[in-house]
Structures are given as structure tokens and as C-alpha cells.
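To start, the structure under review is shown below, and the notes come after it.
Within every chain, numbering begins at 1; the chains are lettered A, B, ... in the order of the sequence lines, protein sequences first and strands thereafter. Quick note: numbers below take in every heavy atom, side chains included, and nothing from hydrogens, waters or symmetry partners. Note that the structure is predicted; figures quoted are calculated from it, not measured.
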Amino acid sequence: MKNLQSAPADNEIGVLIDQHLESEGPMLPILHSIQSAFGYVPEDAVPLIADALNISKAEVHGVISFYHDFREAPAGRHVVKICRAEACQAMGANTLADETLAKLGLDWHGTTINGAVTIEPVYCLGLCACAPAAMVDDKVVGRVDTAKMATLLKEAGA
Amino acid sequence: MKIYVPLDSAAKALGADEVAETIRQEAAQRGLTIELIRNGSRGMIWLEPLVEIDAGEGRKAFGNVTPENVSALLDGTLEGLGAVEDIPFFARQTRLTFARCGIIDPLDLDDYEAHGGLAGLRKALSMTGEEIISQVTDSGLRGRGGAGFPTGIKWNTVLGAAAEQKYIVCNADEGDSGTFADRMIMEGDPFTLIEGMIIAGVGVGATKGYVYLRSEYPDAINIMNKAVNIAQQKGLLGDDVLGSGKAFDMEIRVGAGAYVCGEETSLLNSLEGKRGVVRAKPPLPALEGFLGKPTVVNNVISLATVPVIFEKGAQHYANFGLGRSKGTMPIQIAGNVKHGGLFETAFGMPLGELVNEIAGGTASGRPVKAVQVGGPLGAYMPLSKFDTPFGYEEFDGQGGLIGHAGIVVFDDTTDMLKMARFAMEFCAVESCGKCTPCRIGSVRGVETIDRIERGDSSAIPILTDLCETMKDGSLCALGGFTPFPVMSALTHFPNDFATIKEAAE
Ligand SMILES: Cc1cc2nc3c(=O)[nH]c(=O)nc-3n(C[C@H](O)[C@H](O)[C@H](O)COP(=O)(O)O)c2cc1C
Ligand code: SF4
Ligand code: FES
Ligand code: FES
């Protein structure tokens, strides 16, 4: 991934927007491309998207803010998502989440001081038969207990 | 020697990638020639990673394989499970929609065809739109996404709508806790979904399809994208589907983490690039759907079941089931269970049998307290309702719903007040914001349940009233059905809402 601190240049964003302009309903594909390139959707992208799609900046903001996935600021280097939904709760997900957040001294959506890990809640990963479940970036993990979580966090540098 | 190691997310979440890598290395070290196939999951998640070895005498299964016991596996000293087909959990199933899942290489189109794939499409290509739709109607197939609406009727509306462009939109948002059938079929047999969408397209006269796939499923997204590419290269998708002269093409679109976008009109707004706010109906999506054009919106399993209906015949499918719930349902068994996984069976099996026999009771070994069926908007069923047969009307009659057929089991340590609170909290987090009873009511709901927890029994009637308001004043089932888990918890488990603290005072 790119250095998250440096603001991306307009032409970099422009390329990502242009590749979707032929699509029907290009907005989400554009936002996903931008977020996967930069780790978040930079403020600078908003007027460019608005321009390209011929809609207002407020509308673009409206879309970005509606969806849980899109970030307006960079996350930590790794994102750990812990499932909070019912099947995982039936297998102790609440305790796992509480312990993890307490250990890191974070609330949901918080990032460790060293910038390594952001903890996010997620509502079901489709791993409900091997609960509790978590995801580290794009990697799925099942039957997560305290020890497994500690390993995951250590690997992620938390 | 063929070795099968599932690539299914649940198998991966339990270490399948590491097992596959270790097998590759060990085999190379031993100079053993193997063909390593990454198949879908057979659905017995508690046995994953479930590795199968075929040394010429049929496939033999090995459960819970770890990198550490790969050596023994290759030595032939690891204790196995025999043939998958003989494992009771598997043997008791009727696999129609999931017939190929776990058996074939998901991205091998020839393997797909060799196992019955494309036979349904070939038949459909020789039929008129009306004939295709009457097959679907005769099969009795009802929407597997939750509402159970007859698929044939929906398709017929789209067929009858005149427009220069129509669409097939597959709802792969699968947000319900306890469900993973969509994910499993997309990862384990993606061409089935593609074939089903083509048949739908040819049937109603739509030439373009989209799969709206939740972002929480990166593996399914990856496999579906590859499958679509292969289908395009092999002429299954494109201007001339299998040389029929008919056109159908499709794309995978990724959602963005909003539960409500599983609701079909919210999904369409999202696909168009808008906020995923629910639309009022009418107009029906069948008449004014994606970009205002006639659109079939169907769940993954509804569409993925279409090929087998055409392959084996509508009547064959309709012969399974119970009453107006025809065919089979891939039931997903999850939560606190010994044997969690996917169990496809004809409608009609009583809930208690599914929980106690098929699932083998709880993983914790403690007594079952409640079972939530149908996702976060489904009721908590107490043991007294365990004789309810698995069917749309049967569950409805018990104040429940089968939804997407996830069943989540809870043991006796569960605090049902907490589960009711969570239902309200989830509604508050995921509300699209359009209706006050849903957006604000759910926040009030959390506060009210907190008051009950503190021992204020006067808050109980307030909660009941609030649920009535949400039921009556919500546009969609998020606000409208959240009262089901809440009220079922309150009604069937009053002790958890009891004023113990009050009594102590
Ligand atoms: C809040 C909410 C969430 C829903 N989520 C899904 C979903 O994830 N997948 C799905 O197929 N249907 C979901 N539905 C049902 C859809 O609105 C719709 O009925 C379904 O996609 C139609 O397809 P089917 O007839 O094949 O079931 C949801 C409905 C509501 C109200
Ligand atoms: S009930 Fe809730 S989610 Fe559904 S339309 Fe109303 S506000 Fe949106
Ligand atoms: S409920 Fe946690 S993975 Fe489904
Ligand atoms: S329909 Fe009017 S507030 Fe929901």
C-alpha cells in the first residue's frame, strides 16, 4: 500500500474515477477503487467525483457517509474486524470483543497509538458455524479465542 | 493421487490454506505426484479443514486436518472418516442446489459440465420465455432471500413489462447472522449461480445481470469475478450464449457494509450509486427497478436453484417439501452447536430434530435455551416450539419466520434481555433512516430495555407499545420485524426480564 500520510494527487484519483465511467452506477466501484488505493476516501476526491458524475459534492458526501465501509481518514496499517452478530455472540464473541478492546485500551473504530491496528465491529462474516469469527484485513479467522486473538494482534504489530 | 482441500472461507478460517501448503511441500519432499484440488466445502464446518484423498478407490475424508498431521495423512496412518457420503450429517441430506458444492473444482467449467452443469441451461435455451417461466412456477420455487415470494410470479411480471432493457440482479448481500449458504455456493459452485442468472435473463428477456455481493466476503468476490471471466471467455456469457444467438452478460458489484442494502430497493439504490435508502413500493422493482427498468431481484440461492429445476424437471423439484414450501432448503446451522454447517433437506423437518439430532445439541454441552431462526429479524424460538416443521407457513403460524434459513442456537447461559437489546441496537446501527419508528424507535428501544434491566418493570409495557409502533410505522422489515426477536425474547423468557432487583429491594 502507498504511504498513507501523503495526500494523493488529483491525477491519481482521476485515473481511478475514469476507469469506471462506462459502468452503470459507477459510484460504489469508484469509491472502492479509491479506498483500496489510498486506504480511505480523501476529501480531495469528493469534488472530482462530483464533477465526473455530474452530481453535487453534498450528494457524494451523502453516499460516502451512508456506508460503514468508506473511511474519510486513514485507518491503522491493519484492520481487525470482530464479528458482533448473534451466532458469534452465542459462542462468546462479546467477551472476546470486550477483552480485546480493554487490552488495547480502545473503543470500537479506535486505532492503536503505534498506528498498527484499527478495531472495527462487523455484523456477520458468514463464518457462523465456526464462531466467534474475525477478519484481519482480508484474511478470515474462525473459532477465535483469547489466545488466537493475541497471536493475530501480535502479528499485526499491535 | 488427488487431494482435495477446500478453499471455502470457513475452511480457510480454520487453517485450510496452511494445510494445503503443507501438503504441497510434504508431497514435493517425498517425490509424490499429487493433484491438489481446492474444492468448495462439503458443508460440515465442524470437520473443517476436511481433506479428501482419492488414490483410485474413491474419495476418503479426513476431518480437522492440521499442518501437524499432514505427515500422517500422507503416510496413510491418519484415522479417517471414510466416504463423505456415509457421514450421517451428509447422508441424511437431499442435495439439489448444493449437489456439486464440495465435489468439483469451483472454477473448472468442464468439471461443472461433467457433473450436470449447463444441462438446465441447454434445455432452457430451447424454450420460449413463457415456457421457462412456467417451469419455474411449476417447481414451486419461492424466494430464498427471506420473503418467500413465488419466483415464477416475479419473473412473469418482468416478462410482461415492455422495455428496451431489463435486468437480473442477484442479491448476494447475505447480511443475516447465522447464514452462509450464498457464500458457500458462490465459493464452491459459482457457475450454478451464473447459469441460473442466464436462465432468468433468457426467460424474462434481460440481457444484463449484476451480482450485488457484500464486501465482507472477499473470497466469494474473488471467485465470482474469476468465474464470470471464465464464462465470458468460454462463450457462456456474452452476445451469443452457448451459440444460441441470445445475449446475456453480467458483472460482480461489491457492497459497502450496510445491512439494509440486502433489502431489494435499498440494494437497487446502492447499485445505482446512491445512499442505500429503502424505496416505497409501488413501483415494484419488477416494473421499475435498476435505473428505472424492469428488474428481477432474486437471492443467490433462488437463482442457483434454477439450473437443477431445469436439469431434473420442475415436478422432480416440487415433489420434495411440505405444503406450499416446495423443494429443498439449504439450512444453515450455526452458533452454539456441536455440528455446525450446511444441511440441505426437503422442507418439513421439525426444528427440534434439526437442533438436537442434526446439529447434535450445543457445542458447550449445556442445555439449549433458544434458537433464533431467520436472522436478526427472526424470532427466538423456545423449546416449546421445537415441533414446528421447517416451512414458510408453519413458522409464520408460530410467530416466527424461516427467512434465509439460518438457525442460531443459544445455550442456557444466554441472557435473552441482552439479545433483545442487541436486536434494537442492530436496528439503530443499520436503519436507513427513512422512518422515524425505525430510526428513533430502535434507540428508544435500547434505552427502554436498559430501564428494564435496572429493575424498572413499568418499562415493559412501554417496550411492548414501542414494538407495536415499529411494526405499524416502518416501511421495510428492518424496522418492522425487529420487534420479533425483541417480543419473542420478552414473551418466552420473561425471567430474563424479571424484576429480580426489584424483588431484592
Ligand atoms: C432489512 C432487509 C435485509 C434483507 N437482506 C437480504 C439479503 O441479504 N439477501 C437477500 O437475498 N434478501 C434480503 N432481503 C430480502 C429482499 O428484500 C428481497 O425480498 C429478496 O432479495 C428477493 O429475492 P428472493 O425472492 O429470491 O428471495 C432483505 C430484506 C430486508 C427488509
Ligand atoms: S424500516 Fe428502517 S430500514 Fe426500513 S425503510 Fe424504514 S428506516 Fe429504512
Ligand atoms: S454471526 Fe459472526 S460470522 Fe456470522
Ligand atoms: S414510511 Fe413514512 S416514516 Fe417510514
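Using a 4.5 Å cut-off between heavy atoms, B/Thr414 makes no contact with chain A at all. Looking at B/Asp219, only its side chain comes within 4.5 Å of chain A, counting heavy atoms on both sides. With a 4.5 angstrom heavy-atom cutoff, B/Glu174 does not touch chain A via any of its atoms. For A/Lys139, the part lying near chain B is the side chain, with the backbone staying farther off; criterion is any non-hydrogen pair under 4.5 Å. Heavy-atom distances place no part of B/Gln165 under 4.5 Å from chain A, backbone and side chain included. Heavy-atom distances place the side chain of B/Cys261, and not its backbone, under 4.5 Å from chain A. Only the side chain of B/Ala363 has a heavy atom closer than 4.5 Å to any heavy atom of chain A. If you measure heavy-atom distances from B/Tyr259 to chain A, you find no contacts under 4.5 Å at all. For chain B, the nearby part of A/Val122 is the side chain; its heavy atoms alone come within less than 4.5 Å. Proximity to chain A (any heavy atom under 4.5 Å) is shown, for B/Ser270, by both the backbone and the side chain. With a threshold of 4.5 angstrom between heavy atoms, B/Lys208 approaches chain A through side-chain atoms but not through N, CA, C or O. In this structure, chain A has a heavy atom under 4.5 Å from the side chain of B/Met419, while its backbone stays farther away. The part of B/Leu291 that comes within reach of chain A is its side chain, from C-beta onward, which places non-hydrogen atoms under 4.5 angstrom from that chain. The contact between B/Val409 and chain A is made entirely by backbone atoms, counting heavy-atom distances below 4.5 Å. For a residue to count as touching a neighbouring chain, one of its non-hydrogen atoms must lie under 4.5 Å from one of that chain's; by this rule B/Lys274 touches chain A with the backbone only.
By the 4.5 Å heavy-atom criterion applied to side chains, A/Phe66 and B/Val260 are counted as neighbours. Residues A/Tyr123 and B/Val429 form a side-chain contact, since some pair of their non-hydrogen atoms from C-beta on lies under 4.5 Å apart.
Among A/Ala131, A/Gly62, A/Ala85, the residue with the largest count of heavy-atom pairs under 4.5 Å with chain B is A/Gly62. Chain B forms the most heavy-atom pairs under 4.5 Å with one residue out of A/Leu53, A/Val144, A/Val141, and that residue is A/Val141.
Residues A/Cys124 and B/Ser177 share a closest heavy-atom pair of SG-CA, 3.8 Å. Pairing each heavy atom of B/Leu14 with each of A/Cys130, the nearest pair is CD1-CB, 3.9 Å. For A/Gly126 against B/Tyr217, the heavy-atom pair with the smallest separation is CA-OH, 3.6 Å. Across B/Gly335 and A/Met91, no two heavy atoms sit closer than the pair O-CG, 3.6 Å. Taking every heavy atom of both residues into account, B/Val408 and A/Ala90 meet most closely at CG1-CB, 4.5 Å. Counting all heavy atoms, side chain and backbone alike, B/Ala258 lies closest to A/Tyr67 at CB-CD2, 4.1 Å.
The distance from the CG atom of B/Asp415 to the CG atom of A/Asn94 is 10.5 Å, given to the nearest 0.5 Å. Atom-to-atom distance recorded for B/Lys418:NZ and A/Gln89:CD is 10.5 Å, nearest 0.5 angstrom. To the nearest 0.5 Å, atom SG of residue A/Cys128 and atom CD1 of residue B/Ile45 are 9.5 Å apart. Annotation: the span from A/Glu86 atom CD to B/Asp176 atom CG amounts to 9.0 Å, rounded to 0.5 Å. How far OG of A/Ser23 is from CD of B/Glu251: 5.5 Å, rounded to the nearest 0.5 Å. In this structure, CZ in B/Arg183 is found 5.5 Å from CG in A/Leu127, a value given to the nearest 0.5 Å.
Within a 6.0 Å radius of CG in A/Asn114, more than 12 heavy atoms belonging to other residues, nucleotides or ligands are found. In this structure, A/Lys148 places its NZ atom where more than 12 heavy-atom neighbours from other residues, nucleotides or ligands lie under 6.0 Å away.
Of the possible donor and acceptor atoms, one in the side chain of A/His32 sits under 3.5 Å from a partner among the backbone N and O of B/Gly255. Checking side-chain atoms of A/His68 against main-chain N and O of B/Ala256 turns up no donor-acceptor pair under 3.5 Å. Judged purely by atom type and a 3.5 angstrom limit, B/Arg275 has no side-chain atom pairing as donor or acceptor with the backbone of A/Glu59.
Salt-bridge formation is not detected for the pair A/Glu24/B/Lys293: no Lys NZ or Arg NE/NH1/NH2 atom is positioned less than 4.0 Å from an Asp or Glu carboxylate oxygen.
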